[in-house]
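Each chain gets a letter, A, B and so on, in the order its sequence line appears, and its residues count up from 1.
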Protein chains: 2
Amino acid sequence: MTQIETDSHMDGRDTTVDTPGGADTTGGAAGDAKGTAKATRRPRRVTLSRESILDAALRLCSREGGAVLTFSRLGKELGADPTAVYRHFRDKDDLVLALTDVMIVEAVQRARAGAPPRQQWREWLLTTVRSIRSVYLERPALAVLAATRTTASPVESESVEEIIGVLHDAGLPVAQAAESCRALVDLTLAFTQYTAAFQILDEETQAKDDRAWAVKYATLPAARFPLVHASAARLTELFRNDDEVFELALATFLDGIEAKIQRARG
Amino acid sequence: MTQIETDSHMDGRDTTVDTPGGADTTGGAAGDAKGTAKATRRPRRVTLSRESILDAALRLCSREGGAVLTFSRLGKELGADPTAVYRHFRDKDDLVLALTDVMIVEAVQRARAGAPPRQQWREWLLTTVRSIRSVYLERPALAVLAATRTTASPVESESVEEIIGVLHDAGLPVAQAAESCRALVDLTLAFTQYTAAFQILDEETQAKDDRAWAVKYATLPAARFPLVHASAARLTELFRNDDEVFELALATFLDGIEAKIQRARG
DNA sequence: ACCTGAACACCGTTCAAGT
DNA sequence: ACCTGAACACCGTTCAAGT
């Protein structure tokens with residue numbers, strides 16, 4: 001079961017419940033003590049809003065929620081009929097896009113909060129893309145759906161302007177700064193989706209993958225695979241440590257940017 | 001409808017059909033002329049095999065097939081009951097893993113066929129990762145499922161040994177060659193999954209994304225977004241041109257590897 | 001105006017029945 | 001031994017019915 005606390009229900013001034021007692025996802029044991037008959041199922045009528053639905057969806061897809069985004073799960077989380085969501089979002093994709101927007105805004109906010117001065121371009125870029133990755137990976141099931149999508153979010157445009165600015169100030173011509181920005185952001189989103197896609201596989205499937213790796217490395221003859229054998233320690237360290245592989249790829253990419261800057265200056 | 005030609009049915013010596021006339025996916029108009037009553041549905045009994053199932057699945061997921069991998073679609077393609085596949089694969093994941101193996105083998109073969117001498121390490125690596133990407137993107141619906149998975153395929157181990165060897169010969173210490181290999185391969189698989197994930201979205205959804213982009217760029221005031229405005233031409237060129245963005249990221253990454261090699265040499 | 005619930009066309013998977 | 005087909009618990013989505 002993927003039951004999680006629903007106290008964040010309370011902060012929404014638009015999330016109201018007609019019938020006293022609220023949705024049956026609140027309370028738990030306390031709610032049972034209050035009920036008169038066993039499982040009194042009064043026909044409750046919940047009032048939804050875009051905000052309360054987005055909140056519930058984000059909770060559902062969080063690492064603790066650990067669930068795939070589904071109308072039935074969403075309905076249960078909201079204490080409403082699953083199809084009620086269609087009164088606020090045209091279809092599932094519309095919902096996903098709204099959620100993507102929320103994550104982009106959160107990622108940009110987090111980046112700004114932790115960013116060093118723009119002159120330290122490398123550290124500044126690292127902070128920015130790590131923020132994107134961390135916000136997305138807090139909801140793996142959503143990251144898989146959101147990573148590939150574009151929204152018309154103004155805050156994203158601001159962020160692109162900033163990134164290009166940092167690269168330009170570091171010494172790249174505008175066009176090169178723009179294409180480097182694009183490559184960097186897509187590299188980040190791609191790696192993030194890649195990691196999320198593995199994380200949302202069920203335990204058993206992930207375990208199967210791990211076993212395949214272990215078997216492979218146990219049976220490789222050192223004579224025919226001398227280099228794999230020599231670097232087995234490092235390869236094992238990196239196995240399923242996607243964060244470290246991402247950092248490695250990112251560092252190498254930024255070394256490439258540095259070389260590009262040198263060339264542009266000289 | 002996603003009907004595709006099924007002539008490759010004929011090349012499988014293990015794909016046999018009991019009842020003359022074969023599966024109703026063959027022939028088309030010609031088959032109608034042969035039939036006596038309208039849509040004579042004799043209870044045909046098809047003999048399947050792992051190979052014939054894998055063939056059908058690959059056809060289904062090909063860019064021309066344009067379909068998501070589904071038991072019912074697979075059954076239709078095979079002219080058999082969908083659940084018959086369970087006699088040859090434990091579950092869907094087992095099937096996906098077998099298909100992943102096929103693609104890995106094909107990717108390595110393609111890489112070897114087109115590879116320049118190992119001494120040209122940069123071109124050699126480019127050829128190798130482009131082969132992976134092109135083989136995977138020929139079946140976008142499968143690429144999405146396969147990119148994150150590991151199989152115990154021996155040919156993959158050989159390939160890893162080769163890649164580490166090329167990087168080592170280029171001047172990197174073994175451990176650095178191993179981690180760079182890992183970063184490069186994951187960068188490629190991640191970008192490939194990223195592209196495939198967008199490609200399998202239905203037309204309408206892709207169009208919605210394109211519209212979001214167009215709207216965003218039409219409404220950005222040049223005064224507040226001078227750099228985006230200045231590089232609009234380049235940004236538009238790169239929009240939804242994932243291949244070019246991948247090549248850009250790849251080139252920058254390899255520049256970084258080159259810098260690493262210089263440093264390692266002294 | 002907005003939530004409910006039956007209904008539909010799909011999913012993957014299981015299992016008894018056929019051959 | 002292996003394919004068939006009914007059945008089940010899920011998906012997203014539509015629509016008439018309730019309040």
Can you list the residues that meet the ring pair (Phe, Tyr, Trp, His ring centres under 6.0 Å) rule with [X], with sequence neighbours excluded?
| X | result |
| --- | --- |
| B/Phe71 | B/Tyr86 |
| B/Phe239 | B/Trp213 |
| B/Phe198 | none |
| A/Tyr136 | none |

Quiz prompt | Qualifying residues under salt bridge (charged side-chain N to carboxylate O under 4.0 Å, His left out), relative to A/Arg130, sequence neighbours excluded | solution = A/Glu247

Quiz prompt | Set of salt bridge (charged side-chain N to carboxylate O under 4.0 Å, His left out) partners for A/Glu138, sequence neighbours left out | solution = A/Arg110

Exercise. Mind calculating the distance between CG (A/Leu48) and P (C/dC2) to the nearest angstrom?
Key: 10 Å

Quiz item: Can you list the residues that meet the side-chain contact (heavy atoms from CB on, under 4.5 Å) rule with B/Glu203, with sequence neighbours excluded?
Solution: none

Exercise. Scan side-chain atoms only and decide if A/Ser52 and A/Asp55 contain a donor-acceptor pair under the 3.5 Å cut-off.
Key: no

Quiz item: Using Watson-Crick and G-U wobble pairs with both distances under 3.5 Å, what is the 5'-to-3' dot-bracket string of DNA chain C, with [ ] for crossing pairs and | for pairs outside the strand?
Solution: ||.|||||...|||||.||

Quiz item: Once each nucleotide of nucleotides 8-19 of chain C is scored for protein heavy atoms under 4.0 Å, what B/S/- sequence comes out, 5' to 3'?
Solution: ---SSBBB--B-

